[in-house]
Every structure is written in structure tokens, then in C-alpha cells.
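Letters A, B, ... are given to chains in the order of the sequence lines, protein chains preceding strands, and every chain is numbered from 1. Excluded from the calculations below are hydrogen atoms, water molecules and symmetry mates; all remaining heavy atoms, backbone and side chain alike, are included.
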Protein chains: 2
Amino acid sequence: MKLYSWNVNGFRSVLKKGFMDWLEAAEPDVLSLQEIRCEWEEADLGVRRQIESAYDVCWFPATSKKGYAGSATLSRKELGFTHAKGMGIEAYDAEGRMIVSTKGDLAFIAGYFPNASQGLVRLPFKRQFARDLAAFVGARHRAGQKVILTGDMNVAPEEIDLARPKDNVKNPGFTPEEREDFKLYLEAGLVDVLRDRNPDVAGLYTWWTARGGARERNVGWRIDLFLASRSLMDRVKDARIHADVLGSDHCPISLELA
Amino acid sequence: MKLYSWNVNGFRSVLKKGFMDWLEAAEPDVLSLQEIRCEWEEADLGVRRQIESAYDVCWFPATSKKGYAGSATLSRKELGFTHAKGMGIEAYDAEGRMIVSTKGDLAFIAGYFPNASQGLVRLPFKRQFARDLAAFVGARHRAGQKVILTGDMNVAPEEIDLARPKDNVKNPGFTPEEREDFKLYLEAGLVDVLRDRNPDVAGLYTWWTARGGARERNVGWRIDLFLASRSLMDRVKDARIHADVLGSDHCPISLELA
DNA sequence: CGTGATAAG
DNA sequence: CTTAACACG
């Protein structure tokens with residue numbers, strides 16, 4: 001089973017840049033999209049029909065602000081995933097942040113984690129989100145489920161996960177507070193799969209600022225991740241970053257499970 | 001002397017579309033620009049230097065709202081025009097509407113007349129503007145000056161001046177009120193030069209809506225005009241509409257004086 | 001429909 | 001630097 005996550009920075013934008021070609025080539029079984037920034041009905045009708053012919057679509061745009069945030073999860077129809085919008089907490093659900101998709105004892109929890117924003121004005125919101133999400137994951141584990149947590153987490157966990165750690169200790173995505181909160185997911189029993197399999201490999205990034213050719217020079221951040229319950233780790237066949245895929249300031253990431 | 005007027009719908013935009021090539025080819029002696037929509041300092045430095053090497057530049061952006069309205073008048077340095085920003089009425093001057101340029105007994109009054117706007121919400125403002133401007137022209141005549149009044153007047157004077165008169169009697173630019181107010185300029189002693197020389201020629205337009213290929217089908221309006229004091233009419237050598245010049249939803253117009 | 005300001009990232 | 005909403009025309 002091939003699981004993918006991609007912050008597309010505007011679904012309508014990425015549609016103009018070959019998203020459908022990528023979708024047909026990558027053939028994900030489950031795909032989480034973040035920053036869709038539109039209603040499903042605002043996307044091209046032909047595209048919608050084509051996607052709906054193969055996938056169960058759970059489209060979860062923000063209701064709080066038009067064109068802002070939002071996430072979606074697509075799963076191949078034959079897999080029979082059940083999709084639920086939100087974690088039941090209005091502050092996050094109004095921004096279309098997380099979708100919980102289940103099949104048997106597997107919970108695929110995916111979406112768009114808050115950005116701490118300029119001046120860290122949203123750091124308190126993001127910290128509460130991390131606490132609530134970690135508790136949510138813990139409850140799933142106690143209920144006997146195995147969890148995949150993925151999406152744009154808007155935090156680089158360690159110094160190795162960004163090109164310029166020293167320059168960014170006070171910046172959104174690499175503050176001590178955000179890194180500390182990231183550990184709550186690990187303490188809830190999840191493993192950062194790609195880093196687990198590549199402990200010392202530097203230069204593995206999933207996001208590059210659009211300013212000044214950062215992507216060409218690979219001055220990036222690894223902020224899009226797959227975390228998996230420890231009990232799932234023996235099923236992991238592959239974890240990859242698809243840095244060659246253009247169309248957004250993020251690139252897709254994937255996890256292949258046996 | 002070749003006088004030009006052009007609503008450029010964003011000076012920075014038209015710069016990207018060959019404005020400087022046009023300027024060098026047209027070689028205007030005096031040029032009024034409308035809807036400049038930027039500060040002089042926001043335009044490309046090379047462009048500014050090139051223009052300033054040949055022209056006295058009177059740049060008159062709106063102070064009331066960034067990126068809104070504004071006008072400019074350029075005159076060849078060797079002509080020695082004196083430029084004055086505004087008519088001394090704050091409501092118009094804050095929007096960078098009119099520039100008064102004088103040389104000897106000639107007053108070149110040029111700029112961006114108000115748009116009545118959707119729902120005609122600005123019709124009262126536009127009517128007062130017309131009264132004030134007509135009075136301003138009258139005062140110039142009584143002071144012994146000859147007047148050229150030009151710019152985007154945002155009104156089609158007669159049915160012949162737009163492709164769809166019947167459809168637009170309630171729309172901004174062709175209401176009975178705006179057409180009535182236009183006559184104030186004529187009553188102040190000015191002549192609509194192009195119409196005076198081409199009384200029955202239809203299809204002479206200077207603006208086309210960007211929606212639905214109106215320009216290609218020449219479904220337009222003549223709302224950019226040169227009006228001249230009757231005493232100047234014997235000096236008129238030519239009055240033209242340059243509909244082939246692209247780069248804005250308006251095209252340039254010109255008046256050649258002996 | 002296009003230009004430009006703005007919010008957000 | 002880029003996406004999308006918005007104001008204005």
C-alpha cells in the first residue's frame with residue numbers, strides 16, 4: 001500500500017502544473033493533500049470526475065476563511081477506507097486541518113498542522129493543537145488501533161532537518177517550543193519513519209522557501225513527515241521524499257507498507 | 001506639437017508591455033497618463049532616467065489609496081511647460097485627478113475624470129467634479145487662456161460614441177446625468193475635436209471592456225477625448241485614436257496642433 | 001477580465 | 001516569491 005502526502009499550496013494552482021499527470025504516475029493508494037485552498041466544487045469538473053472515478057474523496061476546506069488552509073484525503077475505492085472530517089475540536093476543524101481515515105485497525109490521521117506564523121503569533125494555538133493531537137493519537141492506541149500520522153507538520157524536528165538550523169532557532173518551524181511539542185507525538189508511540197531509516201542523512205528536505213532560488217540550492221526544511229506506530233514499523237517497505245516533483249513549494253512524500 | 005493622452009491602467013503594467021517602445025515611436029511633445037497606479041519611485045529606475053532625460057515629468061499619484069487612480073503629465077523639456085498638480089480641490093487632488101500644464105497662453109488640463117462606479121455610487125462626486133472643472137475652464141478662458149482639456153473622461157457623450165448605447169443608459173459612463181454634465185465643458189467654450197472633424201463616423205472607440213473579446217469585436221466606448229477652446233480649432237492639424245496600440249484596456253489618443 | 005493591495009505562508 | 005481574496009474599473 002502506497003501512502004502519500006503533499007502540501008499542494010493551492011489545489012487549483014497545482015492542477016495547472018501537472019498534478020493529474022503526477023497522480024497517474026505515482027498511483028497512490030491513499031493520498032493526503034494540504035493547503036487545498038478551495039472548495040471541491042471550485043476545482044475543474046473534468047478533474048473531479050476523473051479523481052472520483054478511482055478514489056473516495058474526503059475534501060475538508062476551511063470554513064473560517066475563504067482560500068485558506070484546508071486538507072483532503074483520497075483513498076482508492078477498492079480499499080474501503082472510512083473518512084471522518086476533523087478531530088471534533090472546532091478551532092481546528094473550522095480550518096480544515098485533520099482528516100481521520102480508518103480501515104480495520106489502521107488509522108490514517110493526516111492534514112495541515114498549524115504554522116506558528118510571523119512573530120510566532122500563532123505559537124500558542126499550535127502548541128495546543130500538538131497537545132490535543134498527541135492525546136488523540138494516544139486514545140487511538142489505547143483503543144487498539146495502529147496509527148499513521150502524516151502531513152505538513154510545520155516543524156523541523158532536529159538540526160539535521162533543515163539547512164540553516166542556527167539561523168532559524170527563533171523562526172516559525174524551528175523554535176524550541178515547536179520541537180519540544182513534536183516529541184509529544186513520539187511519546188505517544190509514533191516513529192519518524194524516514195529519519196528512523198536514515199539517521200544521519202542530511203539534506204533531506206520537503207519544503208523550500210520560494211525566495212531566492214532556495215530549492216535549486218537545496219536550502220530547505222524537512223517539515224512533511226510520516227510518523228507510524230512502533231507496531232507498524234515491520235510493515236514499512238519504503239519511505240521517500242519526492243524532491244523532483246514540482247508544482248508547489250513543498251514536494252510529496254510517501255510511505256510504502258506491506 | 002503632438003499632444004497625447006493614454007489611460008495606461010497601471011504604469012508598471014504597461015511598462016512590461018512595450019510602453020517605452022511606443023513612447024519612442026510616437027514621440028509625443030506632451031503626454032497625459034491616467035491610472036498610473038503607482039508612485040514614480042515604484043517604477044523601474046532605468047525607465048525613469050530615460051524619461052527624465054527627455055521630459056519634464058509631473059507625477060501625481062493618489063494619496064488617498066495606494067495603487068488607485070493617479071495621473072501624470074510629461075512634456076518635452078525644450079517646450080518649457082509649467083506643471084501644477086491638482087485644481088486646488090482636496091477631494092480630487094487626493095486622488096491625483098488633474099494636472100494643469102501651462103505655456104504662454106495655453107493651458108493643458110489633463111487627467112483622470114471620476115468613474116461613476118457600480119450602482120452609480122460615485123455619480124454625485126462625478127457630477128460635482130464636472131461642475132468644478134467646467135468652472136475652472138471658464139475661469140481660464142476669462143483670464144485670456146486657451147484650453148486643451150483631455151484625459152479619460154469616463155463618459156461617452158453621444159449614442160454614436162459607444163457600440164451598445166441602448167444597453168448602457170443606466171450604466172456608469174452613459175447615464176443621462178453624465179452626458180448632461182459633459183455638455184458643461186462644451187458650454188464653457190470647448191469643442192470635442194475628433195467628433196467635430198468626424199461628425200458621423202461610428203465605431204471610433206478608445207476603451208473596451210476586458211471581458212469576452214470586446215476589443216477584437218470593437219464593442220467599445222469613446223470616453224478618452226481631446227476638447228479644445230474654439231479659438232484653438234484653426235490650429236488643429238489632426239485628431240486621432242490609436243486603437244492599434246495595445247497594453248491597456250484604453251488606447252492612446254492624440255491631437256496635433258500647428 | 002486585469003491591475004494592484006493585502007493576508008498568509 | 002507565490003496563492004488566493006478583494007477592490008476597482
Side-chain angles (χ1 to χ4, degrees), chain A residues 7-17 19 34-39 42-43 61-62 64-70 95 112-122 125-126 152-155 171-173 207-216 219-221 223-224 246-250, chain B residues 7-17 19 34-39 42-43 61-62 64-70 95 112-122 125-126 152-155 171-173 207-216 219-221 223-224 246-250:
Chain A
N7 178 322
V8 292
N9 190 23
F11 185 62
R12 287 168 297 181
S13 166
V14 87
L15 280 183
K16 295 178 203 148
K17 298 170 183 167
F19 174 84
Q34 303 98 42
E35 282 204 90
I36 52 176
R37 302 180 68 176
C38 67
E39 310 280 331
E42 291 173 308
S64 60
K65 206 181 299 189
K66 220 170 127 63
Y68 174 71
E95 297 179 354
Y112 182 43
F113 297 42
N115 187 305
S117 296
Q118 282 317 107
L120 304 174
V121 291
R122 270 203 127 188
F125 180 80
K126 184 177 186 176
D152 174 1
M153 303 200 180
N154 265 317
V155 60
N171 289 339
W207 174 79
W208 305 263
T209 179
R211 295 157 235 204
R215 190 159 184 174
E216 295 70 63
V219 178
W221 302 48
I223 59 179
D224 302 86
L246 305 179
S248 166
D249 50 349
H250 296 249
Chain B
N7 179 322
V8 292
N9 190 24
F11 185 63
R12 286 169 297 183
S13 167
V14 87
L15 280 184
K16 295 178 203 148
K17 298 170 182 168
F19 175 84
Q34 302 98 42
E35 283 203 270
I36 53 175
R37 303 180 68 176
C38 68
E39 310 280 331
E42 290 174 309
S64 60
K65 206 181 299 192
K66 220 171 127 62
Y68 174 70
E95 296 180 354
Y112 182 43
F113 298 40
N115 188 305
S117 295
Q118 282 317 106
L120 303 175
V121 291
R122 270 202 129 189
F125 180 80
K126 184 177 186 176
D152 174 1
M153 304 200 178
N154 264 316
V155 59
N171 289 340
W207 174 80
W208 305 262
T209 178
R211 295 156 232 203
R215 189 158 185 175
E216 295 70 63
V219 179
W221 302 48
I223 59 179
D224 302 87
L246 306 180
S248 165
D249 50 349
H250 295 250

(request) Identify which nucleotide among D:dC1, D:dG9, C:dT3 has an atom closest to any side-chain atom of B:R37, counting heavy atoms from C-beta outward. (result) C:dT3
(request) For A:F11, enumerate each residue passing the ring pair (Phe, Tyr, Trp, His ring centres under 6.0 Å) test, keeping only those at least two apart in sequence or located in another chain. (result) A:F19, A:W59
(message) Could you tell me how far apart B:Y112 (OH) and D:dC8 (P) are, to the nearest whole angstrom?
(response) 11 Å
(message) Taking any heavy-atom pair under 4.0 Å as a contact, classify A:E35: base, sugar-phosphate, or nothing.
(response) sugar-phosphate
(request) Might you point out which heavy atoms bring A:N154 and A:F113 nearest each other, and give the distance in Å? (result) ND2-O, 3.0 Å
(request) Measure from the side-chain heavy atoms of B:K17 and tell me the nearest of C:dA8, D:dA4, C:dG2. (result) C:dG2
(message) Nearest whole Å is fine: how far is D:dA4 P from A:I36 CD1?
(response) 11 Å
(request) Would you mind reading off the distance between A:R211 atom CZ and C:dA8 atom C1', rounded to a whole angstrom? (result) 10 Å
(request) Starting from C1' on C:dA8, measure out to CD on A:Q34 and report it in whole angstrom. (result) 16 Å
(message) Give me the atom names and distance for the closest heavy-atom approach of B:R122 to B:S117.
(response) CB-OG, 4.0 Å
(message) Would you call the rings of B:W207 and B:W221 parallel, tilted or perpendicular, taking 30° and 60° as the class edges?
(response) perpendicular
(request) Please determine, for the side chain of B:S13, which listed nucleotide (C:dT3, C:dA7, D:dA4) has the closest atom? (result) C:dT3
(message) Quick check on C:dG4: is either OP1 or OP2 less than 4.0 Å from any side-chain nitrogen or oxygen of B:K66?
(response) no
(request) Could you check how far CG of B:D152 sits from C1' of D:dC8, rounded to whole Å? (result) 13 Å
(request) Could you please name the option among D:dT2, C:dA7, D:dG9 that lies closest to any side-chain atom of A:K65? (result) C:dA7
(request) Report the residue (A:T209 or A:F11) whose heavy-atom-nearest nucleotide on DNA chain D is the more 5′ of the two. (result) A:T209
(message) Check this one for me: any side-chain N or O of A:Y68 less than 4.0 Å away from OP1 or OP2 of D:dT3?
(response) no
(message) Counting only side-chain heavy atoms from C-beta out, which of C:dA7, C:dG9, D:dC8 sits nearest to A:S117?
(response) C:dG9
(message) In whole Å, I'd like the distance from the CZ atom of A:F125 to the P atom of C:dG9.
(response) 10 Å
(request) State which residues pass salt bridge (charged side-chain N to carboxylate O under 4.0 Å, His left out) with B:E39; sequence neighbours excluded, sorted by chain then number. (result) none
(request) Can you tell me the distance, in whole Å, between the CG atom of B:D249 and the C1' atom of C:dG4? (result) 14 Å
(message) So if I take every side-chain heavy atom of B:N9 and compare against C:dT3, D:dA7, D:dA4, which nucleotide ends up nearest?
(response) C:dT3
(message) Output the rounded distance in Å from NZ (B:K126) to C1' (D:dC8).
(response) 14 Å
